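Protein chains get the first letters and strands the later ones, always in sequence-line order, with residue 1 at the start of each. Predicted, not measured: the structure shown is a model, and the values here were computed from it.
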Amino acid sequence: MSLFFLITAAIAIGGTLAAMTRRNPIHCILSLALGLVGVAGVYLALGAQFVGFTQILVYVGAVAILATFALMMTQGHIVSALIEPRRAFSRSSVSGFVTAAGVFSVLGWAAQSYRPLTPSTQQAPAAGAKEVGVALMHTYVLPLEVIGVLLTAALIGAVVIALPSEEERS
Amino acid sequence: MIHLSAFQIFLLLTVLKIAVVLVITLTAVAYTVLLERKVLGRMQNRWGPSRVGPFGLLQPLADGIKLFLKEDLMPLAVERPLFVAAPVIALACALISISMVPFGAETTYQGVDLFQIANINVGLLIILGVTSIGVYGIALSGWSSNNKYSLFGSLRSTAQVISYELALGLSLVGVILRAGSLSLRDIVNSQSAHGARSWNIFGGLQIVGFFIYLMAAYAETNRSPFDLPEAESELVAGYHTEYSSMKFAMFFMAEYANMITVACVATLLFFGGASSPFGHLTDHLFATGFIHAVLPIFWFVFKVFSFILLYIWVRATLPRFRYDQLMGFGWKFLLPLAMVNILATALVLAFRS
């Protein structure tokens, strides 16, 4: 493990931990953005420059900034920590733990049952722009289309929600 | 003579390059401000700054001293860590993206490229990514100031930058398709064969892409006619209302450094970067020596300077957009146009090959 990996992994874990524990929603989003930068750093440490900087461009530069924007738009007045302290143990945390346990068990099972088809070589993983493009357009073209349809449906839903209702229009 | 290992030479030269580029960029920022004031003055039939030094040439120095010596006010109600971090983020992101720019022809000394700080094969992606992080500086400054004008300014600015980032990124895809690479060096090389005839804007038929990029870049850098975040008559000073002294100066420098970066990227992607507009016609005149190495830098600086002049010209000429016009223009006109441009470029390239 290189020093660079340790630093970026610490940033990723610290950022996401802070995102879950901070009270102020803006701080949470910023910590999450920091965590995503850390993950991008891990990609860079693995030599996947294209994936790493796409991660920064898409998740930090678009997704997290959009969430920040939405929070500023709706709760821009909450600057100091005027948010109610949380109860130590709420019902939602139980369901959260159950979901997390489920996800982790599936991930663990997948990692356990994974057997590499060919013995691992020391070859650098290919994740350049070309490889990603070929994978998206050949191997994973159906999932890509399905995700496209899903996003279109989400967009239409957002427009429907944003449209003025019948009473407001008349 | 001390014998250095290859890594030590690399380290030394890189630190040197960073220092030189940083000094040149910051000086260029200071003098772009003066240039803008002078040119704006002439366009409005007045003199512009003319008192400090010959032709007002020492004005940036005086401005810098003034900003350093001003009191650094920190309002009580601000969110302190973010208030301090915001200008740092803005300026750092603006300066980092310069490091990807190749300023001259590839000239290596002991295996180190002299005219580019970092030659990374996804250079364009890094510039886009770092620029998109720069938005945090604006968003956080408005929020942490705890001031309604600041918040509205930063909301406007964030919305505008996010919206136009899409058109900006998509307008560059045509160029990337033609070059087949994200490396800025490769993109420049792909259009340097026959001088101006093979530049992307002319020979590459990316003139539509160029105009989308130009308009999106004005919006990205919050410049006129898209300078709604700083509309004085509505918002005092926008997101940096509460900032003073060097913190304000950092936002100011970030804005102008972004302008220079945008001009550099336009030069690299559409105007052949450091390559001469006459192609290889003049090569035999200066086959070797100093002029051969410096001439590409001259062309590069000349192209970037023309862009900055265009920026200032536009500011002096066009009135400000209304907010709904701004959003409509970005989403309903530029974005579809950029997609059509990608489709057309891809089809042409597919049929040619």
Take B/S154 and B/W143 through the test side chain to side chain donor-acceptor pair (under 3.5 Å) and record every step on the way to the result. CA-CA 8 Å; B/S154 80; B/W143 182 75; over 6 Å; no

B/Q191 (side chain) donor-acceptor with B/I187 (main chain) under 3.5 angstrom: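 Between the backbone of B/I187 and the side chain of B/Q191 there is a qualifying donor-acceptor contact (under 3.5 Å).
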
Has B/Q160 got a side-chain atom pairing as donor or acceptor with B/A219's backbone, closer than 3.5 angstrom?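 Here the side-chain-to-backbone pair exists.
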
Side chain, backbone, both or neither of [X] within contact of chain A (heavy atoms, under 4.5 Å):
X	value
B/I162	side chain
B/L155	both
B/L82	side chain

Specify which of B/T158, B/I126, B/T131, B/V122 makes the most heavy-atom pairs with chain A at under 4.5 Å. B/I126

Among B/G142, B/G180, B/A139, B/S181, residue most engaged with chain A (heavy-atom pairs, under 4.5 Å): B/A139

So, do B/F83 and B/Y243 have ring centers that fall under 6.0 Å from each other? yes

Decide whether B/Q206 and B/T345 meet the rule of one side-chain donor and one side-chain acceptor closer than 3.5 Å.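 Result is yes, a qualifying pair exists.
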
Tell me whether B/Y149 at atom OH has more than 12 heavy atoms from other residues, nucleotides or ligands lying less than 6.0 Å away.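 Open: at most 12 neighbouring heavy atoms sit under 6.0 Å from OH of B/Y149.
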
Under a 4.5 Å cutoff for heavy-atom pairs, which residue among A/V60, A/T68, A/I56 has the most contacts with chain B? A/V60

So which part of A/A64 gets closer than 4.5 Å to some heavy atom of chain B, the side chain, the backbone, both or neither?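 Both parts, backbone and side chain.
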
